[in-house]
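Shown next, in structure tokens, is the structure this report addresses.
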Amino acid sequence: MQKRLHHGGDYNPDQWLKHPEILADDIKFMQQVKANTFSVGIFAWAALEPQEGEFTFEWLDSVMDNIASFGGQVILATPTAARPAWLSQKYPEVTRTSPRREKMLHGARHNHCFTSPVYREKTSIINRKLAERYKNHPALFMWHISNEYNGECHCDLCRAAFSAWLEQKYGTIDTLNDAYWSAFWSHTYNDFSQVEPPSDIGEIFVHGLTLDWRRFVTHQTIDFYKHEIVPLREITPNIPITTNFMGDFPQPMPFAGLNYAPFAQVVDVISWDAYPPWHNDYECTEETAARLAFLNDYFRSLKNAPFFILESTPSMVNWHSVNRPKRPEMHLLSSVACLAHGADAIMYFQWRKSRGSSEKFHGAVIDHDNSAQNRVFKDVAQVGEMLERVSEIKGSHNPAEIAIIYDTETMWALGETQGFIRADKKYPQTVFAHYKIFRDGNAPVDVISPDKCCAEGLSRYKAVIAPMLYMMPDKLANALALYVENGGTLVTTYISGMVNESDLVHHSGFHPKLREILGIQVTETDSLYPTQRNGILYGNASYKALDNCAVLEIADAEILGTYEQDFYAGSAAVTHNAYGKGAAYFIAARTEEDFLAAFYEKEILNHLNIALPQIKSPRGVSIQTRTGNGVTYYFVMNFTDEAQTIQLPTDMCDLISGRTLAKGQQSLLPKYGAMILK
């Protein structure tokens, strides 16, 4: 098979079985847009098994054969994200129960219990049938397990499984009571069977319980996934397996329902579904692009490897508050933006628009007009051409000397914490604000989870940034201390190091290891109302402080910046501490972008000599790099609404256009223009 990037998308021929002429058109259109990879069968259970034990694979045989006929590949899906009606009717236990203990009806999707033995049995049967039938098919390229795993179930089976999970984790009920601080409000448990999942008709204020329930939901989802893949691993051991993770916009955070860090360990290829709200009225295009970059860097960093965009849209979605189509040239630019941060596949939901139900107006390659002449089809064909021209980038990696820690469990915990600014602690926004400074400066970044700090170590990074790392287990604190002691540079902020893994406040109020690394003690945190401000004097300039201001007691640290107002005026707001061979910085208050830009340029980018692309770019033009086989590729992307110019330090070739650009020449980059240079 030739080296190629993947281009295609979710293909649902099961919706068109009564229209063979449409299916014939699909094969023709696929080749016109140079599509080569298709996710097939994602919601096709009713078409594959219309009655229990009655299997109809002939239509799928034909689809697989037709795609193989032009060298296409199939990411074959297990159809378990939406079950047929006969299954719900005959086996009602498979249907989910809500947190209010209400049994849900058949309908929608992901409305099934991950714990149900019946559902596990039925999914195993259909998955085994698929593997046995297509194990040697030339089109079979990868397995797509279910679709966008999410949700939770509160049925008796799941509650019993939760109790067993807790008992395995804690061993004794006394250990659980200590972890939950259950003496508060007389919440002491006598037995694991008394521990109910959080619900608004029961308990929602035991934060350790809420954390454990979310961990259990992730665990049980992964356990169901692992059950699904058993026959696939057995019958097709050499076929890689993926499932599509979700990113959430406009906040730059992974989908809040699951922790993808442990999930990443059991998939072969990371895939995610990218749907940024381009052309909105609340941020500039560059800001939207930066949020997409953050999520791409997060998903790439899960396995430190290229990933798949398994779903995107060539035009618009149907579930944003306002569903705008991409403007001309944006589809190619947004595709290059994903390639720049490590994607080896650009795929779409959906290949062809449905005629009915909720997604009939969701963007697609083939619109209701069934035409190759409309703008969107031509945009997709343009991307297909581009992907063929730049195929040599496949498998190349994104070098990064900086890591930013993003912790899903800290996000969960801060969401429940009753303190500071109660409505919104702005954890994702804060992590993104720090990330964006480096992204704006074209500095490559890995967005990592705490498990990476502990399992793999941090020695590859010159700097590790950990904004608002509220949850600080001993294992993580020790890993950060070792990193700094061995010569690394750590930056952390207010509302960090406060609680352990059970959301219990550390005895000293601030993790003692963090206090040692930073040379400070946080004595209190002042939370400001929305209109209130303090000021920080740093480097002979004054910057605004807002939302939260930590008041510090200095032990060993050097003071770099001070507060300007209130009872703590003149006290430390920015500190530096030498620790072992390394250094640790503390930013005591939430600030605006101007302070972060000044701080990181002076203390990190310049001081640590962070490697940056040699191509200089104006603001709004992002430059990212990938390296492979001794070649560095420069992705130059103009996210502004007007033409920009760049100047090259040496002769370079643009893989997209095929043009050679001379050293020192002013090269024009049109609005939404993109180049991939080497």
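- Partner of Y470 under the side-chain hydrogen bond (donor to acceptor under 3.5 Å, both in side chains) criterion, chosen from D407, T417, T410: T417.
- Between the K425 side chain and the A413 main chain, no donor and acceptor come within less than 3.5 Å of each other.
- Between T95 and K103 the shortest heavy-atom distance is O-NZ, 2.5 Å.
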Show, in sequence, the C-alpha distance, side-chain angles and deciding distance for N244 and D273, and conclude whether the side chain to side chain donor-acceptor pair (under 3.5 Å) test is met.
CA-CA 6 Å; N244 48 336; D273 299 346; 2.9 Å; yes

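- Counting heavy atoms of neighbouring residues, nucleotides and ligands inside a 6.0 Å radius, atom NZ of K360 exceeds 12 of them.
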Could you walk me through whether T430 and R590 pass the side chain to side chain donor-acceptor pair (under 3.5 Å) test, one step at a time?
CA-CA 8 Å; T430 301; R590 181 173 169 83; 2.6 Å; yes

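- Comment: R215 engages E409 in a salt bridge, judged by a side-chain N to carboxylate O separation of less than 4.0 angstrom.
- For T172 and T175, the side-chain atoms include at least one donor-acceptor pair closer than 3.5 Å.
- Side-chain contact between L258 and F245 is absent, with no heavy-atom pair separated by less than 4.5 Å.
- When side chains are defined from C-beta on, I495 does not count as touching Y427, because their heavy atoms never get closer than 4.5 Å.
- In terms of modelled atom types and a separation under 3.5 Å, the side chain of Y435 and the main chain of A293 share a donor-acceptor contact.
- Taking the six-membered ring where tryptophan is involved, the planes of W165 and H219 are tilted, since the angle between them lies from 30° to 60°.
- Under 4.0 Å is where a charged nitrogen must lie from a carboxylate oxygen, and between E501 and K475 no such pair does.
- In this structure, R439 and V445 have side chains that are not in contact, with every pair of non-hydrogen atoms separated by 4.5 Å or more.
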Please assess Y275 against W319 for the test ring-ring contact (aromatic ring centres under 6.0 Å, His included), listing each intermediate value before the final yes or no.
CA-CA 10 Å; Y275 292 110; W319 47 269; 5.6 Å; yes

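- With S88 contributing its side chain and P92 its backbone, the two residues share no donor-acceptor pair below 3.5 Å.
- Aromatic ring pairs are classed by plane angle as parallel below 30°, tilted from 30° to 60° and perpendicular above 60°; the pair W213 and H154 is tilted.
- Both tests hold for R96 against F114: distance to the six-membered ring centre under 6.0 Å, angle to the ring axis within 45°.
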Determine, stepwise, if the pair T210 / E416 fulfils side chain to side chain donor-acceptor pair (under 3.5 Å).
CA-CA 8 Å; T210 302; E416 299 294 328; 4.6 Å; no

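- The pair D268-R233 meets the salt-bridge criterion, since a charged nitrogen lies less than 4.0 angstrom from a carboxylate oxygen.
- By the 4.5 Å heavy-atom criterion applied to side chains, V74 and M142 are not counted as neighbours.
- The closest side-chain donor-acceptor pair between Y91 and E52 falls under 3.5 angstrom.
- Closest of all the heavy-atom pairs between G497 and H506 is O-CD2, 3.3 Å.
- Side chains of N190 and I173 form no contact here, defined as non-hydrogen atoms less than 4.5 Å apart.
- A donor-acceptor distance shorter than 3.5 angstrom exists from the side chain of S496 to the backbone of L469, with no hydrogens or angles considered.
- Electrostatic pairing of K353 and E359 does not count as a salt bridge here, judged by no charged N lying under 4.0 Å from a carboxylate O.
- No donor-acceptor distance shorter than 3.5 angstrom exists from the side chain of S146 to the backbone of Y149, with no hydrogens or angles considered.
- Put simply, the side chain of D297 never gets that close to the backbone of L295: no donor and acceptor are under 3.5 Å apart.
- Between C113 and C158 there is a side-chain heavy-atom pair separated by less than 4.5 Å.
- Side chains of Y260 and L302 form a contact here, defined as non-hydrogen atoms less than 4.5 Å apart.
- Listed for the Q350 side chain is a donor-acceptor partner under 3.5 Å among the backbone atoms of H362.
- Judged purely by atom type and a 3.5 angstrom limit, S116 uses its side chain to pair as donor or acceptor with the backbone of V118.
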Pair Y180-H187, ring-ring contact (aromatic ring centres under 6.0 Å, His included): steps then yes or no:
CA-CA 9 Å; Y180 288 1; H187 280 2; over 10 Å; no

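- Distance check, rounded to the nearest 0.5 Å: CZ of R352 to CD of Q15 gives 10.5 Å.
- Residues S334 and K326 share a closest heavy-atom pair of OG-NZ, 3.1 Å.
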Test log, rule side-chain contact (heavy atoms from CB on, under 4.5 Å), inputs R355 and W16
CA-CA 10 Å; R355 287 192 63 201; W16 300 92; 3.4 Å; yes

Chi angles and distances behind the side-chain contact (heavy atoms from CB on, under 4.5 Å) call for V317, F349:
CA-CA 9 Å; V317 299; F349 181 86; over 6 Å; no

Given the rule in the side-chain contact (heavy atoms from CB on, under 4.5 Å) test, do I448 and Y406 qualify, once you have shown the distances and angles that lead to the verdict?
CA-CA 6 Å; I448 64 174; Y406 178 87; over 6 Å; no

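- For W181, the CH2 atom is loosely surrounded, since the number of other residues' heavy atoms within 6.0 Å does not exceed 12.
- By the 6.0 Å and 45° rule, R324 does not stack over the aromatic ring of W278.
- Across every non-hydrogen atom of N548 and I421, the tightest pair is ND2-CD1, 4.3 Å.
- Between the side chain of N177 and the backbone N or O of S182 there is no donor-acceptor pair closer than 3.5 Å.
- Between E234 and K135 no salt bridge is recorded (no basic side-chain N to carboxylate O distance below 4.0 Å).
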Test F216 against F162 for ring-ring contact (aromatic ring centres under 6.0 Å, His included), laying out the working first.
CA-CA 7 Å; F216 168 76; F162 181 48; 5.3 Å; yes

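- In terms of heavy-atom proximity, A466 sits nearest to T492 at O-OG1, 2.8 Å.
- Remark: the T288 side chain and the E283 side chain contain an N/O donor-acceptor pair separated by less than 3.5 Å.
- A side-chain contact (heavy atoms from CB on, under 4.5 Å) with W143 holds for exactly one of N127, I229, T242, L130; it is L130.
- Taking a 6.0 Å sphere around CD of Q418, one finds it holds more than 12 heavy atoms contributed by other residues, nucleotides or ligands.
- Under the side-chain hydrogen bond (donor to acceptor under 3.5 Å, both in side chains) test applied with R120, the options T80, T115, D223 reduce to a single match, D223.
- K122 and E49 are not joined by a salt bridge, as no carboxylate oxygen comes within less than 4.0 angstrom of a charged side-chain nitrogen.
- Using modelled atom types, one side-chain atom of K303 and one backbone atom of V267 make a donor-acceptor pair closer than 3.5 Å.
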In sequence, state the C-alpha distance, the side-chain angles, and the governing distance for N500 and D474, and then conclude on side-chain contact (heavy atoms from CB on, under 4.5 Å).
CA-CA 7 Å; N500 70 2; D474 290 343; over 6 Å; no

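- Contact annotation: the side chain of Y170 approaches that of D212 to within less than 4.5 Å [non-hydrogen atoms, C-beta and beyond].
- The number of heavy atoms from other shown groups lying within 6.0 Å of NZ (K129) does not exceed 12.
- Nearest heavy atoms, R300 versus H341: NH1-O, 2.9 Å.
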